[in-house]
Amino acid sequence: MQDYKTIYTATDVKHHPPLAGEYPYTRGVYPNMYRHRPWTIRQYAGFSSVAESNAFYRQALQAGQTGLSIAFDLPTHRGYDSSHPRVQGDVGKAGVAIDSVDDMQELLAGIPLAKTSVSMTMNGAVLPILASFLVVAEEQGVAKQQVSGTIQNDILKEYIVRNTYIYPPDESMRISTDIITYLSEHYPRFNSISVSGYHLQEAGAEPALELAFTIANALTYLDAACARGLSVDAVAPRISFFFCIGMDFLQEIAKLRAARSLWAELVRAKYQPQNPRSCMLRTHCQTSGYSLTQQSPLNNVVRTTIEAMAAVLGGTQSLHTNAYDEAVSLPTDTAAKVARDTQLILQHETDLLRTVDPLAGSYAIEHLTASLQQQAKKIINNIAAQGGMLAAIKSGYAKEQIKISAARRQALVDSGKQGVIGVNKFTSPDELLAVREIDSNDLLQQQQHKLTQLKQKRNNHDVQQALANLTQQAKTTTINLMPATLDAVRARATVGEISAALATVFTRYQPQAQVELTDTYVSNYGEDDTVARVRTRVERFKSRTGRRPRILVAKFGQDGHDRGMHVVAVGFSNLGFDVDLSPLFQTPEEVARCAIENDVHVLGISSHAAAHNILLPKLVAALQAEGATKIRIVLGGIVPPQDYDYLHQQGVNAIFATGTPIPACAEKVLDILEH
């Protein structure tokens, strides 16, 4: 955590940065910043069917949004078609389902791609999704020189936090570099990569760690592209960044300023670029989802506004503002409008656009900027000493640092040392919000029907030839996979078919799940009466039964957001429980089998992506089929209160809302086991 002085003076600032538009761009990458043009309002959205998402996009563009940002559902991220048996609970739940180029056509119908910048958050199935977008533009008659936007293509961070990978790291880096190379040669206005710190902070990283890992990842991509023979000036100006903006207002402003300085310094020192744009860090920002609370949800409007102001004062180039109801569901239309209007109010009703870097010269801001830059540089040097970011990922170092940071931050909130209004301070009765509900069964049937129709009308011989060619080319590392993927998409091969064709060569990546044996949670929470009481009860349970209470912490479906499960695992372990972790991406039947094989008393399910209503009944049925009716089930995470009664009826013994302290969860679990 950043230490703050009570008072900052001139002695805390060694030097003041040059003006905006001047190296190292601390004050902004453009001389006039928002005086010339406001930041782009780019709301990230996608849900349910392509038709509904298309209608939302068109309405948002008419209402003042200035660019699109597409959210894909988890099966699409993981390279599965909606008809695959492993993804039945996830289709359309946390983004829009795209199974083919025909879906992409429908998604973008009526949106002129020659005039609209499109950002796509996609990393795992990046080849078929990018190819589908480019084929749609091609079939719209848009020239390659007119296509603008960004593909995230940041696969390294997936192995650290978000886990929507498909293939092992080395093979995935090849794909990422293929895309960087192909777009640099053929699509001059389409950015080939957006290096994301957002998901690092959302998974628990503190600002210096978010900054360091993001910059280190970006340097890894730049190294890989240059190793292909591309010049730094052909690649670096096309790299964009994506940062999370949380509630540490001053620190988040300083983080964006430090990011620009650090990137400029490191790129110049290592690559000696000739083009000044190679040293300019341009970034999109999104307000934090982790900071949103299920309790007193309208407070989230205030939180998002504060975070949006920090992004603007930090000098972002585009911005997404989260909706106040996202701690319980996908945003309703009302919540999405408030989120978008927050940015419009900042642009049209305040004076934030009237001067460049208005906090420049502040002793506190300049000191925090320099401090974050120094902290991040030390971490980057440590990563370099390990052999680089890819080595740090493979060794587990990167993921471990995030887990430790997340457990520390959770302990501070749970103990009340870090206040969250409505959760651990100034609490009030919960407010029941209207939530967006998606008929998953209907959507699943729609997508499966469209897939059946597609396979009936296409030339399947051409499809199989294209897929066989893609598989063959995957065996040769010197061949760029984009052209063969484009051919497969033009033939109407599906996202799942293309991903499977590559997996026959690359294989699917499945890391080992393990609990971190640290005391991070309790050492930051502190030894209070609750912790002592839980530990006493655990020992009493052991004396009575001959062993400690044992819990399997699990996720099922394609949701890879594992911050919650790891924090719970560390917390319960620190409190004396025996804890097992289930591998990611399991079916309910596989989770049930894991619970039985580990002989657990309790199965703790972490939910993030709204698949619980479909998958939990299947889990209960699987346990019953195995005769494991004594295993208790508890559920935590993003679960709308409207679902509680149904889930209890299905056999869930307890539901823990976001914000419930881990010691309180542990006490409830012990209550369940003792009765």
Side-chain angles (χ1 to χ4, degrees), residues 44-54 56 69-99 103 107 120-125 129 162-164 199 202 289 292 294 322-323 325-333 335-336 433-448 450-451 495-496 554-565 584-588 591 605-619 635-643 646-647 650 655 658:
Y44 178 59
F47 48 83
S48 188
S49 70
V50 289
E52 286 185 79
S53 295
N54 172 262
F56 180 89
S69 183
I70 299 173
F72 299 97
D73 74 351
L74 292 167
T76 304
H77 277 288
R78 295 268 296 140
Y80 291 114
D81 288 336
S82 298
S83 56
H84 198 285
R86 299 193 73 87
V87 304
Q88 304 303 293
D90 293 305
V91 175
K93 279 291 191 180
V96 62
I98 298 293
D99 292 322
D103 284 338
L107 181 71
M120 292 178 287
T121 300
M122 177 54 63
N123 303 289
I129 289 299
R162 191 163 169 257
N163 300 307
T164 58
H199 303 95
E202 289 292 271
L292 304 180
Q294 179 175 324
N322 286 334
D325 56 356
E326 289 188 66
V328 292
S329 72
L330 288 171
T332 61
D333 290 342
L433 282 176
V435 299
R436 182 181 291 279
E437 296 183 6
I438 294 172
D439 187 340
S440 298
N441 290 325
D442 182 59
L443 177 62
L444 186 60
Q445 291 173 10
Q446 287 181 41
Q447 289 300 116
Q448 291 177 342
K450 287 196 293 182
L451 280 165
V495 169
K555 299 181 75 72
F556 40 39
Q558 297 305 304
D559 178 15
H561 294 88
D562 59 358
R563 173 181 184 155
M565 67 183 295
L584 290 172
F585 313 125
Q586 300 291 285
T587 64
V591 171
I605 301 297
S606 172
S607 180
H608 184 90
H612 46 264
N613 282 354
I614 294 174
L615 298 182
L616 264 164
K618 293 184 178 183
L619 173 65
L635 172 66
I638 298 178
V639 183
Q642 291 89 329
D643 293 349
Y646 171 77
L647 292 167
Q650 296 302 308
I655 300 170
T658 56

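Closest of all the heavy-atom pairs between Gln294 and Ala327 is N-CB, 3.6 Å. Here the closest non-hydrogen pair linking Asp73 and Gly92 is OD2-N, 2.8 Å. Taking both residues in full, the closest heavy atoms of Gln448 and Ser83 are given as NE2-CA, 3.8 Å, listed atom of the first, atom of the second, then distance. Nearest heavy atoms, Thr76 versus Ile98: OG1-N, 3.2 Å. The shortest heavy-atom contact between Gly560 and Asn163 is O-ND2, 2.8 Å. Minimum heavy-atom separation, Asp325 to Pro331: OD1-CA, 3.3 Å.
How far NZ of Lys555 is from CE of Met565: 7.0 Å, rounded to the nearest 0.5 Å. Interatomic distance, CG of Leu616 versus NZ of Lys618, reported as 11.5 Å (0.5 Å rounding). For the atom pair Ile655 CD1 and Leu647 CG, the distance stands at 4.5 Å (nearest 0.5 Å). Here the straight-line distance linking atom CD of Glu202 with atom CZ of Arg563 works out to 7.5 Å at 0.5 Å rounding. Taking OG1 of Thr164 as the reference point, atom CZ of Arg78 lies at 8.0 Å (rounded to 0.5 Å). Between Asp643 atom CG and His612 atom NE2 the span is 4.0 Å, to the nearest 0.5 Å.
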Exercise for the section: Assess whether side-chain contact (heavy atoms from CB on, under 4.5 Å) is satisfied between Lys450 and Val50, documenting all intermediate values. Expected result: CA-CA 12 Å; Lys450 287 196 293 182; Val50 289; 3.5 Å; yes

Exercise for the section: Dump the intermediate steps for side-chain contact (heavy atoms from CB on, under 4.5 Å) on Val87 and Leu74, then the final yes or no. Expected result: CA-CA 8 Å; Val87 304; Leu74 292 167; over 6 Å; no

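Remark: Arg86 fails to qualify as a cation-pi partner of Tyr80 under the 6.0 Å distance and 45° angle criteria applied to the six-membered ring.
Counted by atom type alone, Ser82 and Asp99 present one or more donor-acceptor pairs between their side chains at under 3.5 Å. Defined by atom type and a distance below 3.5 Å, a donor-acceptor pair is missing between the side-chain atoms of Gln445 and Asn441.
Side-chain atoms of Glu326 never come within 3.5 Å of backbone atoms of Gly289 as a donor-acceptor pair (strictly under, hydrogens ignored). Looking at Asn54, its side chain does come within 3.5 Å of a backbone N or O of Leu107 through a donor-acceptor pair. Between the side chain of Asp559 and the main chain of His561, a donor-acceptor pair closer than 3.5 Å is present.
When Thr587, Asp90, Ile605 are each tested for a side-chain contact (heavy atoms from CB on, under 4.5 Å) with Phe556, only one passes: Ile605.
When side chains are defined from C-beta on, Gln447 counts as touching Asp103, because their heavy atoms get closer than 4.5 Å. Residues Gln642 and Val328 form no side-chain contact, since every pair of their non-hydrogen atoms from C-beta on lies 4.5 Å or further apart. Side-chain contact between Gln446 and Ser49 is present, with at least one heavy-atom pair separated by less than 4.5 Å.
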